[in-house]
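Report on the structure given below.
Numbered from 1 within each chain, the chains take letters A, B, ... in sequence-line order. The figures that follow rest on heavy atoms only: side chains count, while hydrogens, waters and symmetry mates do not.
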Amino acid sequence: MQREGTASWTVKAGLAQMLKGGVIMDVVTVEHAKIAEEAGACAVMALERVPSDIRAAGGVARMSRVDLIEEICKSVTIPVMAKARIGHFVEAQILESIGVDYVDESEVLTMADDVHHIDKNAFKVPFVCGCRDLGEALRRIAEGAAMIRTKGEAGTGDIVEAVRHMRALWGGIRKVQSAPDDELAVIAKDLQVPLDLVKEVKRLGKLPVVNFSAGGIATPADAALMMQLGAEGVFVGSGIFKSGEGLTAREAIKAQSRMASAIVKAVTYYNDPDMLAEVSRGLGDAMRGQSVASIPVSQQLASRGV
Amino acid sequence: MDPRIGVLALQGDFREHVDTLRALNVDAFEVRTLAQLDTCDGLILPGGESTTIARLLIAFDLLEPLRARIRSGMPVWGTCAGAILLAKRVPQLDRPPVGVMDITVDRNAFGRQIDSFEAELNVREIEGAPIHAVFIRAPVLRDLGKNVEALCTLGDGRIVACREQNMLATSFHPELTGDHRMHELFVRMVREAMGAPAKPRARAGTTRSRA
């Protein structure tokens, strides 16, 4: 771990600190990126397709086109993230080379390596990774992830998995906190994680990096729910640019801008029901979505890369 | 009277500022509403995304009251995004958000995230060892007005901390390092503005007249 200069752990984890209390929005065009920035997104995720379209399209989902990511990087002043396939360290090398601010090693894309994740400590660019529970989170942090997001089930607009994963993560943290020191080694063994990280979780009472919620957030209420459950910010994928279905293109953009702005406000005032009611007024239809229960387990994304 | 110091908590790393102030036994609290803003003796604008914080200030009608409080002498300190909000001139933004400090701020002046870095820096008004400074997609401060004093420069001469009367701006993030001396400097500014005698450890040079 470098102490000075660039790419230190402090600056990698530090950018995530700056994103806290914010909304990171999936965008597939420069126009989307500008709408997101204007609505107050703290970062954008540059993608070719939002998760619900990836799900619908089938086939192999890969890193987005370099040209698209570069165009989006040029079009906004907020940080830009992009996704690499789990274990695809060359996609990550390319994303680092073009200068994205964060790489998401993501289960939303098809896995490139079903055994190993990317050795994220070897990179200058910081990584965010998904988790379903404390064990997954600490394994990713041990590999070098400087930020964590609970996975949820991307592209569904169904919040149930996001809630399940956030509760599981905090349940795991509370278990570590209440355990006596002489039981931490066995907890580490059961979780298949380094003992030092378990000790760190006990000391801090939280993950040692920033934790956001992802996968299913479609309304301001969903975003505030995840914040009240202990998220430090949220990723919204399909929830913004799949809202306003059935409207004309121009009307849909207006509806999506309002949804984006309302979710940003809901994350700031997540503990204030009057304010949440206020920001929820005047919104159009949220994304239609698909219940996770209707998706065969083999097609659920969250079980990729554990 | 002990100062009450608020930290603007619309987005960003406000909790780290609150924690640092509390470690100094200062009455610190998060500010999201007009009522909370009204009870501050001093306010920190934290790191985060300046565009996000600016949008929320406007959306919740906090911008004008904040500007008025600062103009009437309330001490304010902007770190990174907070410094961008305070500046009168930000070339990358059509309209500077709060626009009270007579400086120009270049956003993302060092490049993208992979160019973020750490450095040991000497800061005027702070004694002892250099400050450990963390720069994250950091801005640079330039074209300081005649009432603005540079407090800290990098080896190449670029300014990363400055003070104009009741306003303090830093490009870096003292709230991330565990070094509390920048926060102590700000607490001294707040105490001075309240007319309370500065604590003995404050140097004479830090006492100055206010607008």
Side-chain angles (χ1 to χ4, degrees), chain A residues 2-24 36-44 73 76-81 95-103 123-126 146 210 232-233 260-262 264-265 267-272 275 278-279, chain B residues 7-17 30-33 46-60 62 79-82 84 90-94 106-120 132-139 172-173 175-178:
Chain A
Q2 286 173 265
R3 184 73 188 114
E4 288 294 325
T6 58
S8 64
W9 178 253
T10 304
V11 301
K12 285 177 169 181
L15 177 56
Q17 298 287 344
M18 299 312 138
L19 301 173
K20 282 191 303 188
V23 182
I24 300 167
E37 182 172 49
E38 187 58 37
C42 67
V44 292
C73 284
V76 293
T77 60
I78 57 180
V80 177
M81 301 185 169
L95 292 173
E96 179 174 88
S97 167
I98 63 179
V100 303
D101 297 294
Y102 243 92
V103 174
F123 285 78
K124 288 177 77 171
V125 66
V210 168
E232 296 180 281
S261 174
V264 168
K265 292 168 184 169
V267 167
T268 296
Y269 293 96
Y270 68 91
N271 247 338
D272 183 336
M275 203 65 104
E278 173 68 32
V279 306
Chain B
V7 182
L8 189 69
L10 300 178
Q11 190 270 327
D13 71 336
F14 48 85
R15 191 158 304 147
E16 284 64 28
H17 277 294
E30 295 176 2
V31 172
R32 289 189 185 80
T33 64
E49 274 307 311
S50 53
T51 51
T52 304
I53 300 171
R55 296 286 181 279
L56 291 165
L57 278 172
I58 294 165
F60 294 101
L62 292 168
T79 58
C80 194
I84 295 166
V90 186
Q92 294 86 350
L93 297 176
D94 322 336
D106 290 318
R107 297 177 69 199
N108 303 332
F110 299 94
R112 304 196 70 94
Q113 169 61 16
I114 53 172
D115 306 303
S116 293
F117 64 102
E118 298 176 69
E120 306 290 331
H132 185 74
V134 180
F135 293 84
I136 297 169
R137 288 171 46 94
F172 50 90
H173 294 280
E175 73 278 12
L176 294 182
T177 60

- Item | Interchain contact, A:Val210 with chain B, by part (heavy-atom threshold 4.5 Å) | neither
- With a 4.5 angstrom heavy-atom cut-off, which part of B:Phe135 approaches chain A: side chain, backbone, both or neither? backbone
- Is it the side chain or the backbone of A:Glu278 that comes within 4.5 Å of chain B heavy atoms, both, or neither? neither
- Query: Looking at side-chain heavy atoms only, is the closest gap between A:Pro79 and B:Arg137 below 4.5 Å?
  - Reply: yes
- Item | Heavy-atom pairs under 4.5 Å with chain A, option from B:Ile53, B:Leu176, B:Ile136, B:Leu93 with the top count | B:Ile136
- Query: Within the side chain of B:Ser116, is there an N or O that forms a donor-acceptor pair under 3.5 Å with the backbone of A:Val11?
  - Reply: no
- Message: Could you check whether any side-chain N or O of B:Arg55 sits under 3.5 Å from a backbone N or O of A:Ala39, counting only pairs where one atom can act as donor and the other as acceptor?
- Response: no
- Query: chain A heavy atoms under 4.5 Å from B:Ala9: which part of the residue, side chain, backbone, both or neither?
  - Reply: backbone
- Query: Is there a side-chain contact between A:Cys73 and B:Arg112, using heavy atoms and a 4.5 Å cut-off?
  - Reply: yes
- Residue among B:Gln92, B:His173, B:Glu175 with most heavy-atom pairs under 4.5 Å to chain A: B:His173
- Task: Quick one: closest heavy-atom pair of A:Cys42 and B:Gln11, and the distance?
- Result: CB-NE2, 3.8 Å
- Query: Taking atom types as modelled and ignoring hydrogens, do the side chains of A:Thr77 and B:Arg107 form a donor-acceptor contact shorter than 3.5 angstrom?
  - Reply: yes
- Task: Select, from B:Val134, B:Thr51, B:Leu10, the one with the greatest count of heavy-atom pairs under 4.5 Å involving chain A.
- Result: B:Leu10
- Message: Give me the atom names and distance for the closest heavy-atom approach of A:Tyr269 to B:Arg32.
- Response: OH-O, 2.8 Å
- Okay, B:Asp115 and chain A: the region with an atom under 4.5 Å from a heavy atom over there is backbone
- Query: Which bit of B:Leu56 is near chain A, if near means a heavy-atom gap under 4.5 Å: side chain, backbone, both or neither?
  - Reply: side chain
- Quick check: does any side chain N or O of B:Gln113 sit under 3.5 Å from a backbone N or O of A:Leu15, one acting as donor and the other as acceptor? no
- Partners of B:Glu16 by side chain to side chain donor-acceptor pair (under 3.5 Å), sequence neighbours excluded? A:Lys20
